[in-house]
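Have a look at the structure below before the remarks.
Below, all heavy atoms of this structure are taken into account, side chains as well, without hydrogens, waters or symmetry copies. Each chain gets a letter, A, B and so on, in the order its sequence line appears, and its residues count up from 1.
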Amino acid sequence: MTRVAVIRFPGSNCEPDAYRAVEREGGSAFYVFHRETDLRDADAVILPGGFSYGDYLRSGAIARFSPIMAAVERHAADGKPVAGFCNGFQILCESGLLPGGLMRNATLKYVSRPVDCRIERTDTPFTSAYRTGEVIRIPVGHGDGRYTASDEVLDHLENRGLVVIRYVEGGLLDAPANPNGSARNIAGISNPEGNVVGMMPHPERLAHDLLGSNAGTRVFASLMRWKRPALVTNS
Amino acid sequence: MSKATAPVAQPFPGEPPVTPALVREHKLNDREYAEILDMLGRTPTLTELGVFSALWSEHCSYKHTRPVLKTFPTEGPQVLQGPGENAGVLRLPDGWAVAFKIESHNHPSAVEPYQGAATGVGGILRDVFTMGARPVAVLNSLRFGPLDDARNRYLFGGVVKGVGDYGNCVGVPTLGGEVTFAPGYSGNPLVNAMCVGILRADDLITARAHGVGNILMSVGARTGRDGIHGASFASEDLSAESEARRPQVQVGDPFTEKLLLEASLELITSGTIVAIQDMGAAGLTSSSAEMAARGGVGVELDTSRVPLREAGMTPYEILLSESQERMLLVVEPHRIGEVEAICAKWELAGTVIGRVTDDGLFRVIHEGRTVVAIPGERLVNGVPMYYPDAIESPEAVARRAGTPAIAARVDAGAALPLLLDDPTIASKRWVYDQYDSTVQANTVLGPGGDAGVIAVDGSRFGIAVSVDCPNRYVALDPYEGGKMTVAEAARNVACTGAVPLGITNCLNFGNPDKPDMFFQFKEAVRGMGDACRAFDTPVTGGNVSLYNESPTGAIDPTPTVGMVGLLDDVTTRVPSAFQQPGDLVAVVGTTRGHLGGSMYWWLVRDFLGGPPPPCDLDAERCLQRFLVAASRGRLLRSAHDCADGGLAVALAEAAIGGPYANATMGAGVHLARPDNIGIDAMLYGEDGARAVLSFDPGSVDGLRALAAEHGVPFAVVGNVGPANGELRITVGTEVLTWATADLRQAYFDAIPRRMAA
C-alpha cells in the first residue's frame, strides 16, 4: 500500500482533503507535523494547500524553513514522489525544488472557480492515469497563483516538456482561460526527473462524483500505481 | 435587592474620579447610573464605569429588545441548544449536530470596510467553534448604497476583500449569501456574517463557568489597545465624527484564528477544559462576566497577568480591549499543564489570568489592588429594560398605499434585461469568485443558486443553508415582510430538496428611541415569529444591530435570516438552473400579479412603494413540503424560487445557466393570463410561494400527483431547449423572445462593469 505523508504546516487548510483523497484511492495517508524531521518511511509526500504561517511575507517563504523540509528535500533528491498543490506548489518553488515563483494574481484579486486545464505530461507519479492532452475541469482558489520565471527558465520548461498542466480555453461560457496571468498559461510543472510536481489547481477537491466531478481522483490513482524504482536507494 | 455595600474597589493610580460628564461620555443615562449607585452603594471607579458602559451597551445588553425577542419560538425536538449561548445547535442524524449563528459587523465596516468585514467573519467563526463545532461553511448578507457612488464602490470592494481574505485563509468555504444595493444603505452598509459548523452532539460544550476554584486562562493573541469601546460604538448612530472611530476598529489575523480554531477543538474534544468563551464585543469583560453569570458563580481576574501587546496598558484598557483571536477558558487546576501543551502545539500561549470564586462578584485585581468589585449577576442581568413606543409613521402608511405616478419606461420585453442588469438582482459572481467555495472538498452546491449544500463526510445526509432578507418588503410592511423573510429563506432551502430545520437571525434596524423605528422592529419580529411557528423552524439565536442611522437617514429595516435545512440523502439535491434540452418546465404556486413593492415598479416605473406581496404561510409550507418530496423521489432536474423580479427573472435565471456553465439553455413557455392580470404583472409580479421547475418528461405524472397531494397548484408551461437558444415566453397571445446569451451577459456583467468604472 502506498504510504503518503501529508505535511501539516501551521495555517495549512487543505490537508484533510488531500488525506481523504489518498485514502479513497486505496492509499495509506498520515499527517507529518512541520516540526518533525522524519517522514516515517513515506513513499510519497504531499504539501497541501492553505496559508502556511499566514503567508504574510510571501506565500510559502517561511514554510520552506520548517524542520520537516530538509527531509522533504532528501526525499525528492532520492527520486521519490513529492507533490505540492496550491500553497504546496508555492512552497516547492520557494524551497528551490521547482524553478520560478508564484506572484500575486494579475487581477490583484483572489480567484476561486473552476478552470479548464490540459494534462501535458503523464510520465510523472501524479499524472500517469491521465491521457496526454486530456482536458479536465478543476477548481483553483488562490491569491498568488501567477506563475513567473525568466524567459530562459520558461523556455527550458517548454523544451524539456516539464509543463505538467496548463490552462486552456475550454467550455466555460464567460470566464477567461487563464485565471491569474500565469506565464504561458502554466498551471503546474515538474522537475526534470518528474518526481516533484507542483500545481495551483486542487485535484483533492474533485475526488468524488457528488462534488460535480471526479476529475481529480486520477492524481491520487496515479500515485497508487507508482512503484519505487529499483535503482533508487535510500541516501 | 439587598442594599449591602459591595466590597470596595480602589481607583487605579492616575484614574480621574468619576464625574457626571464622564458618566455621560460612557453613554450611561441617569436612570442607569442611579442603578449602578444602588448596586454598589458607592461611587464606581473609572474602571468599573468602563465595565458597565460595555456590558450595558445595547450591543451587549439587548436592553431595548429583549422583551420583544422573547416572543420568538425557540423550542422543538430538533433544538439541542437554543438562544443564549455563542451559537444555536440543532440535531442531525447519526449523532451529528449543526451549530450556526449570524452576526453583524455594520458599524466597524462603515468606517473601515476591510478590517470591519474581516473581523466580522473572525468573530462568527469563533462563536461556532467555541461550541465544539468545526466550521464547514460561511455565508454573508451584505448591503450597500448604489454602485454609481464611488464611496459605495470602495465600501463594497473593501468588505468583499475583507470577508474573502479572512475566510479563505482560515479555510472555510463560502457557500452563498446575498448582496443588495439601495439608497438607504449609502451611509451605513450592512455586513452580516453567518457560520455553520458540524459537531458530534456528544462534544457540545457551553460557555458556563463552574467549579469554584477552577482556573481562568486566556489563549490566543495578545491584548492590545484596539477596539476599546467597540460595543459602545456599535450602539450609537453613525455620524460625521464616526470616521474618528477608525482606531476603535479591530484588526484581524486569520492565521492566528486558524491556530486558535485547531487548538480550541483539540481542547474541547479531548475533554481537557470545563468551558470556553470567545472574547468578542467588550472583550475580557463580557466573556468573563457572562460565563460567570451563566454558571451562577463569581470570577476574579488579575489583569496584570494578561499577555499584552504593548506595555503600560491600564486595567481599564485591558478589560475593554477588543483585540481579536482570543479565547477565555475555564480549566480544572490539575489540567493546566495539558492545556498549555495543546496551546504550545498550535504555537499559542495559554496563560492563567484568574479563577472561579464563590462570592458571586466580578472582581478585577491589578498588581495586587482591587480595581473592580461588582455583583456579577446584577452586572450582567441588572441593566434597566426599555419598552419604547412603537407607532408607524404616516409616511410609511402613505408609501404603502401609493401607486406609480408614471407609466413604464420600457415595454414588458425590454424590462427583463433591465432588471437582470440591476446589481441587486444580477449575478454576484464578482463577489463569490473572491471567496474560496470548495475548500474542505464537501461543496455539493456552491454559491449562485438558491441555497448552498454541503455533504458531511462519512454520512449520507447533507446540509442546505441560505441567508435572506427582502428588505423592501419589510420597509413597506414590517409584519408581512418579516414573514416573507423567513418564507424566502425556507423556500430557498427547500428548492434544493432540504427540509427547513431552524433559523438564526440578525436584526438590523435604526434608532430604537424613535417610535416608527421601534414599530418596524416589533412588527418584523412578530412576522418572523409567526412564520417560524408555521414552518416549525425555531430561532436558535442571533444578534441585534440597532442605531443603523447616518446623517442621510436610517437604513431599511433588515432582519436577515440564516436558515439551515437537512437533506436526508445529499445525492438527491436539486440545482437551480435548467440542465437538459427536452425537459419539461412547470410553474408551481399561484400567480396573482402582485406588483406592490416590486423591483419592476422601482426600476421601470420609478416607484418604490405599494403594499408588498402578502405572505401566505400555508401556501409556503405546502410548497416546501412538495419540493422536499419531489427531491426525495428524484423527480426534479432543477428548482428555482421566484422572488425579486418575479416569474420572468426566475425563468431567465434558470435559462442562462449557472456561473460556470458551458451553455445557456433556451426555453419556451406559455403562461395563461387571466383577464384581470396585466402582462407586466404576470411576468414581474412578486407573489410568494412559487417556484420554476424542470424535469424529465417521464416524471410529470409523479409530480402532478405529488402536487395534488400537497395542495400546490402545478402547471406544465413549456420545455427546456435548445442549448444556447432563445428564451421565449408567450403570455396569452403576446410572444416575447430574448437571446439567452444577451440575458446572460446582462446578468453576469452588471457588477463587474460598474466596479470597473
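Contact check for A/His202 versus B/Val439: no side-chain heavy atoms found under the 4.5 Å cut-off.
Other residues, nucleotides and ligands contribute only 12 or fewer heavy atoms inside 6.0 Å of the CZ atom of B/Arg460. By the 6.0 Å contact criterion, CZ on A/Arg58 is open, its count of non-hydrogen atoms from other residues, nucleotides or ligands being 12 or less. More than 12 non-hydrogen atoms from other residues, nucleotides or ligands lie less than 6.0 angstrom from CE of B/Met755.
Going from atom CZ of B/Phe255 over to atom CZ of A/Phe51 covers 12.0 Å, rounded to the nearest 0.5 Å. Rounded to the nearest 0.5 Å, atoms CG (A/Asp17) and CG (B/Asn442) are 7.5 Å apart. Rounding to the nearest 0.5 Å places CD of B/Glu347 at 6.5 Å from OH of A/Tyr53.
Both the backbone and the side chain of B/Ser437 come within contact range of chain A, with heavy atoms under 4.5 Å apart. Using a 4.5 Å cut-off between heavy atoms, B/Ala663 touches chain A through its backbone atoms (N, CA, C, O) alone. When heavy atoms are compared at a cutoff of 4.5 Å, A/Tyr56 approaches chain B solely by way of its side chain, counted from C-beta outward. With a 4.5 angstrom heavy-atom cutoff, B/Asp749 does not touch chain A via any of its atoms. Neither the backbone nor the side chain of A/Thr107 comes within less than 4.5 Å of any heavy atom in chain B. If you measure heavy-atom distances from A/Pro139 to chain B, the contacts under 4.5 Å come from the side chain alone. In this structure, no portion of B/Thr174 lies under 4.5 Å from any heavy atom of chain A. Interface residue B/Tyr435: only backbone heavy atoms are found under 4.5 Å from chain A. With a 4.5 Å cut-off on non-hydrogen atoms, B/Val570 touches chain A through its backbone and its side chain both.
In this structure A/Tyr19 satisfies the ring-ring contact (aromatic ring centres under 6.0 Å, His included) test together with A/Tyr31, sequence neighbours excluded.
Without hydrogens or angle criteria, A/Ser112 side chain to B/Asp433 main chain gives no donor-acceptor distance under 3.5 Å. Counting only distance, with no hydrogens or angles, the side chain of A/Arg20 and the backbone of B/Gln440 share a donor-acceptor pair below 3.5 Å.
With respect to A/Arg205 and B/Asp436, a salt bridge is recorded, a charged nitrogen being found less than 4.0 Å from a carboxylate O.
Residues of residues 167-183 of chain A that come within less than 4.5 angstrom of chain B, heavy atom to heavy atom, are A/Gly171, A/Leu172, A/Leu173, A/Asp174 in numerical order.
Heavy-atom pairs under 4.5 Å with chain A peak, among B/Leu445, B/Thr438, B/Val444, at B/Thr438. For the set B/Asp253, B/Asn724, B/Ile454, B/Thr571, the entry with the most heavy-atom pairs within less than 4.5 Å of chain A is B/Asp253. For the options A/Gly54, A/Gly143, A/Gly216, heavy-atom pairs under 4.5 Å to chain B are most numerous at A/Gly54. Note on B/Arg429, B/Lys161, B/Glu257, B/Glu262: by heavy-atom pairs under 4.5 Å with chain A, the leading option is B/Arg429. Among A/Pro114, A/Gly49, A/Cys14, the residue with the largest count of heavy-atom pairs under 4.5 Å with chain B is A/Pro114. If you tally non-hydrogen atom pairs under 4.5 Å between each of A/Leu211, A/Leu206, A/Asp55 and chain B, the highest count goes to A/Leu211.
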Residue pair A/Phe33, B/Trp346: steps toward the ring pair (Phe, Tyr, Trp, His ring centres under 6.0 Å) verdict: CA-CA 11 Å; A/Phe33 219 51; B/Trp346 296 105; 5.5 Å; yes
